Engineer: 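Below is the structure I would like to discuss, written out as structure tokens.
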There are 2 protein chains.
Amino acid sequence: MARPKKFDEAAGLQKAMDVFWKKGYAGTSISDLTTSMEINAPSLYATYGDKHKLFVTALQAYLQSQYEWMRQAVSEQKPVREIIRYLLATLIDSTLEDPERRGCFMVNTITEMANQDTQVFRIAADNENHIRSVLAELIRKGQASGEVAADKDADMLASFLYINFMGVRVIAATNSDKKHLYSALDAILSAI
Amino acid sequence: MARPKKFDEAAGLQKAMDVFWKKGYAGTSISDLTTSMEINAPSLYATYGDKHKLFVTALQAYLQSQYEWMRQAVSEQKPVREIIRYLLATLIDSTLEDPERRGCFMVNTITEMANQDTQVFRIAADNENHIRSVLAELIRKGQASGEVAADKDADMLASFLYINFMGVRVIAATNSDKKHLYSALDAILSAI
DNA sequence: TGTGTTTTGTAATAATCGATACAAAACTAC
DNA sequence: GTAGTTTTGTATCGATTATTACAAAACACA
């Protein structure tokens, strides 16, 4: 018994994510958002809260899709090294193929705000722990199957991989030379 | 035959660098700058140009000091692996010790603006080429002295190292666990 | 066909944004 | 001391910032 919403809430969130991802938090204005989401300011505030709240919601939606992608890749019945190569290669490809070269939304957010925004800091720390634990689990699986040397420290290798995940995302934003990036994959995998 | 400046131009630039480094380009206001630099707006504009020009000048000053540090480390008469470990360890330490956890000014700038600002994009690309060539040179030195396997591709290893330089800087901004970061150093060095 | 409820569009809020006009102040050179 | 030059401080510019008041519009239910 009320006027129904004219826009799709999930689609609007996706649009907001795209804008924040491209321009960052401080670089995005409410006007940018309302234009891209095709709603007006009162609807935005009523639906998503203020700018900061919308940003956090968009960031978490991004991370969820990232986790989903990773969870699926890790659970495949393939050699561990192949999975890791697939993960890194996909990170490189998706970054290079993005016409806007936005890199990784989480990395962008860390470098913009983690030192000033405690909520973002916490999200970033949780994200790191999550990804590292998934990678450590993957390494352990490789050790159980004999693909990875059993005497290596799985947590240490997971940290190493996480560093490279982040580094690859930063670099693919400015380096369009796919061969350079791909050649480094061999070095990364040789450490495992 | 004119009124002399009351402030030190180089010191002001350093202050501007500190603010941009901490808060990013969009997150920094002229008011932030004039407060920190202890000058007023007209002096800022007369001396450094507009906000964007000041930002670029500050960024280039940052890169110069970075290059100077690296050039010196690389030219030392020590085993190549030791130099690389020193470089990475210093990156980790300086990031963790910074009470403001600002990470790397160049990384922050890449993830904030490289996809929207052609001048910044060019600076970032030049920076990457420069650092990669310095690292490749170092690797080749290691190959000449027998410290690094001669059949490995020096450029590839340089790309690999550059990825890890970037990754370490991003992660040290949110992860305060020095042990985790340091433990990954062994994995990085094992790939060389 | 109303009645109640919520969204919508418009319009405006105070605050701050980057940038500058203008005149007083401060210095050097003569 | 005076003339010439540049920096300084103040005050302000129009534009944009995030956010909201308010009323018309659009639906569900009776």
Side-chain angles (χ1 to χ4, degrees), chain A residues 1-60 105 108-109 112-113 116-120, chain B residues 1-60 105 108-109 112-113 116-120:
Chain A
M1 62 219 264
R3 178 174 181 175
K5 278 196 164 126
K6 210 164 74 177
F7 65 98
D8 181 31
E9 193 168 327
L13 182 62
Q14 183 69 35
K15 283 286 184 190
M17 190 186 91
D18 285 337
V19 180
F20 279 131
W21 190 353
K22 175 180 181 183
K23 309 178 105 180
Y25 179 73
T28 299
S29 68
I30 299 290
S31 170
D32 289 333
L33 291 166
T34 55
T35 301
S36 170
M37 299 164 79
E38 296 180 270
I39 62 177
N40 38 33
S43 297
L44 187 154
Y45 280 88
T47 307
Y48 306 99
D50 62 12
K51 185 187 175 186
H52 189 269
K53 204 166 175 185
L54 173 56
F55 180 83
V56 169
T57 306
L59 177 60
Q60 281 168 334
F105 188 20
N108 298 358
T109 302
E112 182 188 1
M113 317 175 61
Q116 290 170 286
D117 187 312
T118 57
Q119 191 177 0
V120 163
Chain B
M1 62 219 264
R3 179 173 180 175
K5 279 194 164 126
K6 208 163 75 176
F7 65 98
D8 180 32
E9 193 168 325
L13 181 62
Q14 183 69 35
K15 284 286 184 190
M17 191 186 91
D18 286 336
V19 180
F20 279 131
W21 190 352
K22 175 180 182 183
K23 308 179 106 182
Y25 179 73
T28 299
S29 68
I30 299 291
S31 169
D32 289 331
L33 291 166
T34 55
T35 300
S36 170
M37 299 165 79
E38 296 181 272
I39 62 178
N40 37 33
S43 296
L44 187 154
Y45 280 89
T47 307
Y48 305 99
D50 62 13
K51 185 187 176 186
H52 190 270
K53 204 167 176 185
L54 173 55
F55 180 83
V56 169
T57 306
L59 177 60
Q60 282 169 332
F105 188 21
N108 299 357
T109 302
E112 182 187 2
M113 317 174 62
Q116 290 170 286
D117 187 312
T118 57
Q119 190 177 2
V120 163

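Residue numbers begin at 1 in each chain, while the letters A, B, ... track the order of the sequences. Being a predicted model, the structure only gives us computed values, none of them experimental.
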Engineer: Does NZ or CZ of Lys51(B) lie under 6.0 Å from the centre of the six-membered ring of Tyr25(B), at an angle within 45° of the ring axis?
Structural biologist: yes
Engineer: Please report, rounded to the nearest Å, how far the P atom of dT17(D) is from the CG atom of Asp32(A).
Structural biologist: 7 Å
Engineer: Do Met113(A) and Phe55(A) have side chains that approach each other closer than 4.5 Å (heavy atoms only, starting at C-beta)?
Structural biologist: yes
Engineer: Measure the distance from NZ on Lys23(B) to C1' on dT16(C) and round it to the nearest whole Å.
Structural biologist: 13 Å
Engineer: Is there a side-chain contact between Ser43(B) and the phosphate of dT7(D), meaning an N or O under 4.0 Å from OP1 or OP2?
Structural biologist: no
Engineer: Considering only heavy atoms from C-beta outward, does the side chain of Ile30(B) approach that of Tyr45(B) to under 4.5 Å?
Structural biologist: yes
Engineer: Indicate whether OP1 or OP2 belonging to dG9(C) is found under 4.0 Å from a side-chain N or O atom of Lys6(A).
Structural biologist: yes
Engineer: Measure CG/Asn40(B) against P/dT8(D) and give the value in whole Å, please.
Structural biologist: 7 Å
Engineer: So, under a plain 3.5 Å distance rule, would you say the side chain of Arg3(A) forms a donor-acceptor pair with the base of dT7(C)?
Structural biologist: yes
Engineer: Atom NZ of Lys53(A) to atom P of dT20(D): distance rounded to whole Å?
Structural biologist: 12 Å
Engineer: So do the side chains of Lys22(A) and Asp18(A) get within less than 4.5 Å of each other, counting heavy atoms only?
Structural biologist: no
Engineer: Starting at atom NZ of Lys5(A), determine the distance to atom C1' of dA28(D), rounded to an integer number of angstrom.
Structural biologist: 16 Å
Engineer: Check this for me: Glu9(B), atom CD, are more than 12 non-hydrogen atoms of other residues, nucleotides or ligands nearer than 6.0 Å?
Structural biologist: yes
Engineer: Distance check needed: dT19(D) C1' versus Leu33(A) CG, whole Å only.
Structural biologist: 13 Å
Engineer: Report yes if the side chains of Leu13(A) and Met17(A) come closer than 4.5 Å at any heavy-atom pair, otherwise no.
Structural biologist: no
Engineer: Grab the N/O contacts between the protein and nucleotides 18-20 of chain C below 3.5 Å, and write none if there aren't any.
Structural biologist:
| from | atom 1 | to | atom 2 | distance (Å) |
| --- | --- | --- | --- | --- |
| dG18(C) | OP1 | Thr28(B) | O | 3.1 |
| dG18(C) | OP1 | Lys51(B) | NZ | 3.0 |
| dG18(C) | OP2 | Ile30(B) | N | 2.6 |
| dA19(C) | OP2 | Tyr45(B) | OH | 2.8 |
| dA19(C) | OP2 | Lys51(B) | N | 3.2 |
| dA19(C) | O5' | Tyr45(B) | OH | 3.2 |

Engineer: What is the separation between atom CD on Glu9(A) and atom P on dT6(C), rounded to the nearest whole Å?
Structural biologist: 15 Å
Engineer: Do the non-hydrogen side-chain atoms of Val19(A) and Lys23(A) ever get within less than 4.5 Å of each other?
Structural biologist: yes
Engineer: Between Glu38(A) (CD) and dT7(C) (P), how many Å, whole number?
Structural biologist: 19 Å
